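Read through the structure below, which is laid out as structure tokens, and then see the notes.
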Amino acid sequence: MEFIVAIDGPAGSGKGTITKKISTELGLVSIDTGATYRCVALNMLQENVGLDEEAKIKQILENINIDLKPDGKIFLNGEDVTNKIRTPEVSKFVSPVSALKIVRDKMVDIQRKMAEGKNAIMEGRDIGTVVFPNANVKIYLDATPEERANRRMKQMAEKGIKLDYQQVLQEIIERDTRDLNRAIAPLKKADDAIYVDSSNMTIDEVTNKIIQIIKFATRDVD
């Protein structure tokens with residue numbers, strides 16, 4: 001029997017960081033579904049495949065091998081791409097790639113298999129609405145675009161990369177617009193998801209709040 005925690009939300013809301021912390025503290029398998037789409041985007045860039053080349057995309061999806069390691073490393077077809085999938089080039093390309101039906105159908109199947117029979121915490125944009133609509137716990141983690149832009153600036157600065165704030169903010173707003181309005185599996189809060197605004201909360205505060213929500217939900221499961 002599996003126990004699934006679904007954490008959805010826009011880019012930069014803190015899903016990845018929070019999911020990893022909760023996974024460690026509660027012993028849940030952490031599954032970054034966004035990384036699976038990034039792997040597809042990277043693979044398409046490596047093979048110089050465009051968004052309109054469905055036959056080539058289908059071939060990539062038929063042969064793709066994505067392995068999310070417990071230590072957080074991500075392997076694509078046997079290669080460690082943990083850092084490669086986080087480049088600005090992939091980040092810009094992943095949104096339109098993830099909007100393709102053929103890609104989403106394949107990734108949803110892969111993501112479900114990754115969590116099959118496990119106690120897992122999964123983060124993405126459609127976990128509670130599409131991938132696991134019957135998840136035991138659903139969280140919609142949000143933050144203002146301005147706060148998410150600041151977090152992105154800080155994250156990249158730690159890597160020695162200096163970005164322009166207004167450009168980062170504009171890219172986040174544009175990403176939100178695409179994700180919220182795409183025809184297939186748009187970003188939205190599941191009706192039964194608990195809304196958490198992390199704009200003015202520390203990482204630990206958000207982590208503790210969600211852990212309490214999970215523990216409350218598991219009181220009748222043990």
Side-chain angles (χ1 to χ4, degrees), residues 4-16 19 31-64 66 68 74 76 85-115 122-135 137-145 148-149 152 167-197:
I4 304 295
V5 177
I7 299 188
D8 290 313
S13 58
K15 302 186 302 295
T19 295
I31 301 175
D32 176 3
T33 62
T36 65
Y37 291 103
R38 285 177 175 272
C39 282
V40 176
L42 175 60
N43 207 169
M44 287 174 62
L45 288 170
Q46 290 173 332
E47 300 294 332
N48 197 30
V49 174
L51 295 168
D52 58 345
E53 297 182 275
E54 187 169 337
K56 291 183 178 179
I57 295 173
K58 184 178 180 181
Q59 186 174 18
I60 283 177
L61 294 174
E62 287 175 348
N63 296 306
I64 201 164
I66 301 170
L68 308 184
I74 299 160
L76 168 63
I85 64 169
R86 302 296 175 185
T87 63
E89 185 180 22
V90 172
S91 294
K92 186 176 181 179
F93 194 46
V94 69
S95 184
V97 167
S98 65
L100 298 173
K101 185 178 188 302
I102 187 174
V103 173
R104 295 208 75 85
D105 287 348
K106 178 67 174 182
M107 291 304 103
V108 167
D109 182 55
I110 286 176
Q111 291 157 14
R112 285 173 176 162
K113 287 178 180 176
M114 285 178 173
M122 306 181 71
E123 56 114 334
R125 287 171 177 74
D126 63 348
I127 311 303
T129 54
V130 176
V131 184
F132 279 101
N134 295 317
V137 177
K138 297 181 186 178
I139 304 292
Y140 189 89
L141 186 60
D142 203 1
T144 64
R148 289 185 279 135
R152 175 68 173 166
Q167 182 178 346
V168 172
L169 178 60
Q170 184 60 34
E171 288 175 354
I172 284 176
I173 292 172
E174 290 175 356
R175 177 71 184 270
D176 286 351
T177 300
R178 288 195 300 268
D179 288 348
L180 288 164
N181 295 291
R182 67 188 179 207
I184 302 167
L187 167 66
K188 66 177 182 179
K189 174 184 171 295
D191 292 339
D192 54 348
I194 297 173
Y195 183 84
V196 176
D197 186 343

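Just so it is clear, the model here is predicted, and its values are computed rather than measured.
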Query raised in the report: Run the side-chain contact (heavy atoms from CB on, under 4.5 Å) check on Gln59 and Val49 step by step: do they pass?
Result: CA-CA 11 Å; Gln59 186 174 18; Val49 174; over 6 Å; no
**Report entry** Residue pair Val97 / Tyr37, side-chain heavy-atom distance below 4.5 Å
**Finding:** no
Query - Within 6.0 angstrom of Gln46 CD, more than 12 heavy atoms from elsewhere - result: yes
**Report entry** Salt bridge present between Arg125 and Asp8 (N-O < 4.0 angstrom)
**Finding:** no
Requested in this report: Could you tell me whether the side chain of Ser98 reaches within less than 4.5 Å of the side chain of Arg104, counting heavy atoms only?
Outcome: yes
Query raised in the report: Which pair of non-hydrogen atoms, one from Ala6 and one from Ile127, has the smallest distance, and what is that distance?
Result: CB-CG2, 3.4 Å
Query raised in the report: Among side-chain atoms of Thr36 and Gln111, is any donor-acceptor pair under 3.5 angstrom?
Result: yes
Query - Thr177 side chain vs Ile173 backbone, donor-acceptor pair below 3.5 Å - result: yes
**Report entry** Any side-chain heavy-atom pair of Leu42 and Val40 under 4.5 Å
**Finding:** no
Query - Phe93 vs Leu51, side-chain contact (heavy atoms from CB on, under 4.5 Å): CA-CA, chis, key distance, verdict - result: CA-CA 9 Å; Phe93 194 46; Leu51 295 168; 3.8 Å; yes
Query raised in the report: Checking Thr33 side chain against Glu123 main chain: does a donor-acceptor pair fall under 3.5 Å?
Result: yes
Report task. Calculate, to the nearest 0.5 Å, the distance between atoms CG and OG belonging to Asp179 and Ser95 respectively. Result -> 4.5 Å
Query raised in the report: Judged by atom type as modelled, is there a donor-acceptor pair below 3.5 Å linking the side chain of Lys138 to the main-chain atoms of Gly128?
Result: yes
Requested in this report: Please indicate whether Asp191 has more than 12 foreign heavy atoms, meaning atoms of other residues, nucleotides or ligands, lying under 6.0 Å from its CG.
Outcome: no
Query raised in the report: Under the 3.5 angstrom rule, does the side chain of Asp126 hit a backbone N or O of Thr129 as a donor-acceptor pair?
Result: no
Query raised in the report: Is Lys15 reaching over with its side chain to a backbone N or O of Thr19, donor-acceptor style, under 3.5 angstrom?
Result: no
Query raised in the report: Is the side chain of Arg38 donor-acceptor paired with the backbone N or O of Ile85 at a distance under 3.5 Å, no angle test?
Result: yes
Query raised in the report: Quick one: OG1 on Thr87 to NZ on Lys92, what's the gap to the nearest 0.5 Å?
Result: 12.0 Å
Report task. Spell out, as yes or no, whether a donor-acceptor pair under 3.5 Å connects the side chain of Arg148 to the backbone of Ala11. Result -> yes
Query raised in the report: Between the main-chain N or O of Gly50 and the side-chain N or O of Glu53, is there a donor-acceptor pair closer than 3.5 Å?
Result: yes
Query raised in the report: Does a side-chain heavy-atom distance below 4.5 Å link Pro186 with Leu180?
Result: no
Report task. Can you measure from CE (Met114) to CG (Asp32) and round to the nearest 0.5 angstrom? Result -> 9.5 Å
Query raised in the report: If you round to the nearest 0.5 Å, how far is CG of Leu187 from NZ of Lys189?
Result: 12.0 Å
Requested in this report: Give, for atom CD1 of Ile57 and atom CG of Asn43, the distance between the pair rounded to the nearest 0.5 Å.
Outcome: 11.0 Å
Report task. Evaluate the criterion side-chain contact (heavy atoms from CB on, under 4.5 Å) for residue pair Ile74 and Cys39; output intermediate values, then yes/no. Result -> CA-CA 9 Å; Ile74 299 160; Cys39 282; 3.7 Å; yes
Report summary line: To the nearest 0.5 Å, atom CD of Gln170 lies from atom CD of Glu174 at 4.5 Å
**Report entry** Side chain Arg182, main chain Ala99, donor-acceptor under 3.5 Å
**Finding:** no
Query - Test log, rule side-chain contact (heavy atoms from CB on, under 4.5 Å), inputs Met122 and Val5 - result: CA-CA 6 Å; Met122 306 181 71; Val5 177; over 6 Å; no
Query raised in the report: Has the side chain of Asn48 got a donor or acceptor atom that lies under 3.5 Å from a matching backbone atom of Met44?
Result: no
Query raised in the report: Any side-chain heavy-atom pair from Val196 and Asp142 closer than 4.5 angstrom?
Result: no
Query - Salt-bridge criterion met for Arg112 and Asp105 (N-O under 4.0 Å) - result: no
